[in-house]
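Every chain is numbered from 1 and lettered A, B, ... according to where its sequence line falls, protein lines coming before strand lines.
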Number of protein chains: 2
Amino acid sequence: MHVRIDDGDPTPPYEQLRRQLLALVHAGGLPAGARLPPIRQLAADLGVAAGTVARAYRELEDAGWLVSRRGGGTRVAEGAVAPQVPPAVLTLAEELVQRARELGADAAAVRAAIDRALARPEP
Amino acid sequence: MHVRIDDGDPTPPYEQLRRQLLALVHAGGLPAGARLPPIRQLAADLGVAAGTVARAYRELEDAGWLVSRRGGGTRVAEGAVAPQVPPAVLTLAEELVQRARELGADAAAVRAAIDRALARPEP
DNA sequence: CTTCTTGTATCGTTGATCTGACACAAATAT
DNA sequence: ATATTTGTGTCAGATCAACGATACAAGAAG
């Protein structure tokens with residue numbers, strides 16, 4: 001589980017966690033049926049209260065991405081499917097990331113480049 | 001000024017504003033020397049309190065991106081330079097965005113594709 | 001100089017969130 | 001059947017941010 005809470009980020013911890021988990025599901029890092037850590041364990045690992053993790057799990061369950069059962073843990077919902085992205089765009093994205101890494105650019109630089117390109121209005 | 005506050009986002013409004021303004025500076029939408037709206041005016045436009053905009057301005061000034069003077073308004077600092085991004089990456093990003101738009105993909109789809117590519121560990 | 005604009009600072013109130021702790025319910029493991 | 005695991009719910013206290021309002025300070029404009 002590559003998730004962590006940034007204490008310097010004013011975004012509430014439960015929201016940081018919710019977004020990271022959702023990104024993991026979208027990226028396929030957590031396939032359908034995969035089990036997530038128990039609330040108490042993840043809370044201890046992240047250094048937050050159990051209620052904080054519980055809220056992130058609950059909101060993702062309300063949105064249909066997770067399924068929770070008492071005693072059975074929390075798992076990625078079977079119907080959880082990544083959002084529709086044209087395969088050609090995905091391929092270009094992978095090429096861009098690979099090239100960026102060859103040039104020594106990190107994730108932040110890649111996102112900055114994308115943000116700049118998106119800021120230019122289409123002609 | 002293409003900025004807006006999302007009431008459904010738990011991120012504090014002052015932080016949403018700070019990030020959007022910083023993104024504008026990075027993207028060149030606000031060149032060095034450009035004047036930002038007065039605090040009260042922007043607050044009224046966004047539907048937030050003046051103190052909220054003031055905090056976003058102040059944090060960006062502390063970080064060196066803006067310069068504020070009483071009576072003179074708030075402007076983009078002369079030394080404000082976009083973060084270092086290899087030109088080749090910027091070019092690839094523009095090509096990707098252009099292609100994505102031709103395919104009907106929106107900004108969210110582009111970011112999702114980038115996130116997925118970034119999630120794949122380098123070989 | 002006088003007036004207007006603009007940023008800065010403070011106050012009290014309200015609402016949201018985090019925390020630590022505890023009890024309860026349901027599924028699993030032995 | 002019993003014990004353990006795990007999710008759910010509640011509570012009081014603490015912290016933080018937003019709000020509306022007000023006052024003040026410094027530069028600009030007339």
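- Side-chain N/O atoms of A:Thr74 include one lying less than 4.0 angstrom from OP1 or OP2 on D:dG7.
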Given protein heavy atoms under 4.0 Å, the one-letter contact record of nucleotides 9-21 of chain D, with B base, S sugar-phosphate only and - none, is simply --------SSS--
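- One can place CD of B:Glu59 at 17 Å from P of C:dG7, the figure rounded to the nearest angstrom.
- The CZ-P distance, from A:Arg75 to D:dG7, rounds to 10 Å in whole Å.
- Judged by distance alone, the side chain of B:Glu61 and the main-chain N or O of B:Ser68 form a donor-acceptor pair under 3.5 Å.
- Rounded to whole Å, the distance from CG on A:Leu42 to P on D:dT6 is 13 Å.
- Note on A:Asp9 versus B:Arg19: salt bridge recorded, some NZ/NE/NH1/NH2 to OD/OE distance being below 4.0 Å.
- Sorted by first and then second residue, the pairs that involve residues 47-58 of chain A and meet side chain to side chain donor-acceptor pair (under 3.5 Å), not counting sequence neighbours, are A:Tyr14-A:Arg55, A:Arg55-A:Glu59.
- B:Asp115 has a carboxylate O that lies under 4.0 Å from a charged side-chain N of A:Arg111, or vice versa, which qualifies the two as a salt bridge.
- Checking side-chain atoms of A:Glu15 against main-chain N and O of B:Thr11 turns up no donor-acceptor pair under 3.5 Å.
- Distance CG (A:Asp7) to C1' (C:dT19): 14 Å, rounded to an integer number of Å.
- Under 4.0 Å is where a charged nitrogen must lie from a carboxylate oxygen, and between A:Glu95 and A:Arg99 no such pair does.
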